[in-house]
Amino acid sequence: MSRLPRAFRKQSAQQRNSALTEILELSEEERAALSGGSELLDLADVMVESAVGFMPVPLGIAGGFLIDGASYDIPMATEEPSVIAAAGFAASIVARGGGFTTWASEPLMSAQVFLEGVAAERTAAIEAAESEVGAALAPLLASMQARGGGFRGLRVRRSDEEQLARRKVVCVELVIDVRDAMGANVVNSAAERAAPVLAEAAGGSTVMAILTNAARERTAAASFRLPLSQLRRGKLAGRELADRIVLANAIASADPERAVTHNKGIMNGISALALATANDTRAIEAAAHAYAAREGRYRALTAYRIEGDELSAELALPAAFGTVGGASSFHPVARSMLRLLGNPGAVRLAGIAAALGLAQNFAALLALVSEGIQTGHMRLHANRLAYKAGGRGVEIAAVAERLVAGGSFNLQAAERILSDLRAHR
Ligand code: MEV
């Protein structure tokens, strides 16, 4: 069961903030951070250089996710309207069919050590240096190893690109299990520490040493099955609606221009969760899009099928999420949002992210193949106009409601309604 109060969605932001403070027993610092306290400048200052403050991005919660039999309320930080409502809407439909099932791989990250001037016959010598590299990395990876992670081995690749072949460039990939960390720091350190050992074994010199954000071996997947009888949107229902969703997904798989938008919708959810938990949104985005093009053509990350009387849906993608180390551990908002999720490890968080991405996509397809996405957007547009016109607190909903009823979505109309409202108070 969701821990949020029943009327959470309908409460004022202030009430929701108080409810969350109570549920999570937020400390003063966490509450101040969640509410955008200006005393947090020191935090900004230790996170980035030349800090001047914060760029407040709204943080919301998509409630009601049923994932692997457990209930989740998922924090999402995003500037885009409709995204959180769409995720929660899809989650409620999917819950009726039994919820999401997820899977995530071991948290394996790779470093790339590029060497040049390496003769072809040195490959075996590089491979034979594996235990020497392991020994060189042992002190660095000791605490990771104590938690069940550590160095998992190396691979040597050679490119046949003309310029690289001429310079006899090889790439040595070091595979490291980073456990609950995102891993960028430790993997980059490992790459730099291993580079001289590898250069020596290869009889070449180091060009550069850095992790790869592709995270091909750190993937997560989510799926759901939904009886066709549970599918309804506007005038469409059941098999007809499912058939349109399957076709929409096939279009995204066949047409790269559409696939970009389709996958962007998936990342609306995943990046919002990444930001809410202070994860590296750019790394996660880059990996997802590279993965979508892994067959040489950019495709949809999802698959939908009708199987008997059910719609089945799947999403798989790399998901380099961390829950310890980095900003996730010390950013007070990220820390409290991880607590809202039950303090998941990185593997669990990757699975939750995949479920959220699939929910986001399902909501988008449901709208796109029925009444379109603009209908839902107009309500939020009306809220923004009410805010822009100067409305605050309860005035926003009151002005927006009248804007929607009147059907004219412009600032003048919002200002007129607001002054009318205030005159009659
Ligand atoms: C908007 O941010 C996301 C969508 O465009 C995704 C999609 O088209 O699938 C609605």
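FYI, the numbering just counts along the sequence from 1. As the structure lists them, so they are numbered: ligands from 1, and atoms in each ligand from 1.
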Heavy atom of the protein closest to [atom] (residue, atom name, distance):
atom	value
atom 9 (O) of ligand 1	Arg258 NH2, 2.8 Å
atom 1 (C) of ligand 1	Glu80 OE2, 3.5 Å
atom 3 (C) of ligand 1	Asn268 ND2, 3.5 Å

Indicate yes or no: does [X] engage [Y] in a salt bridge with an N to O separation below 4.0 Å.
X	Y	result
Asp160	Arg158	no
Glu314	Arg305	yes
Arg339	Glu30	yes
Glu310	Arg239	no
Arg216	Glu173	no

> Which atoms of ligand 1 have any heavy atom of His262 under 4.0 Å away?
Replying inline: 9 (O)
> Against heavy atoms of Gly265, which atoms of ligand 1 measure under 4.0 Å?
Replying inline: 3 (C), 6 (C)
>> Just to be sure I'm reading this right: ignoring hydrogens, which of Thr261, Asn249, Ile373 gets closest to atom 5 (O) of ligand 1? Compare them by their nearest heavy atoms.
In response: Thr261
> How does Leu368 reach ligand 1, if at all, at less than 4.0 Å between non-hydrogen atoms: by side chain, backbone, both, or neither?
Replying inline: side chain
>> Heavy-atom contact check, 4.0 Å cutoff: does Gln360 meet ligand 1?
In response: no
> With a 4.5 Å limit on heavy-atom distance, are the side chains of Ile352 and Phe321 in contact?
Replying inline: no
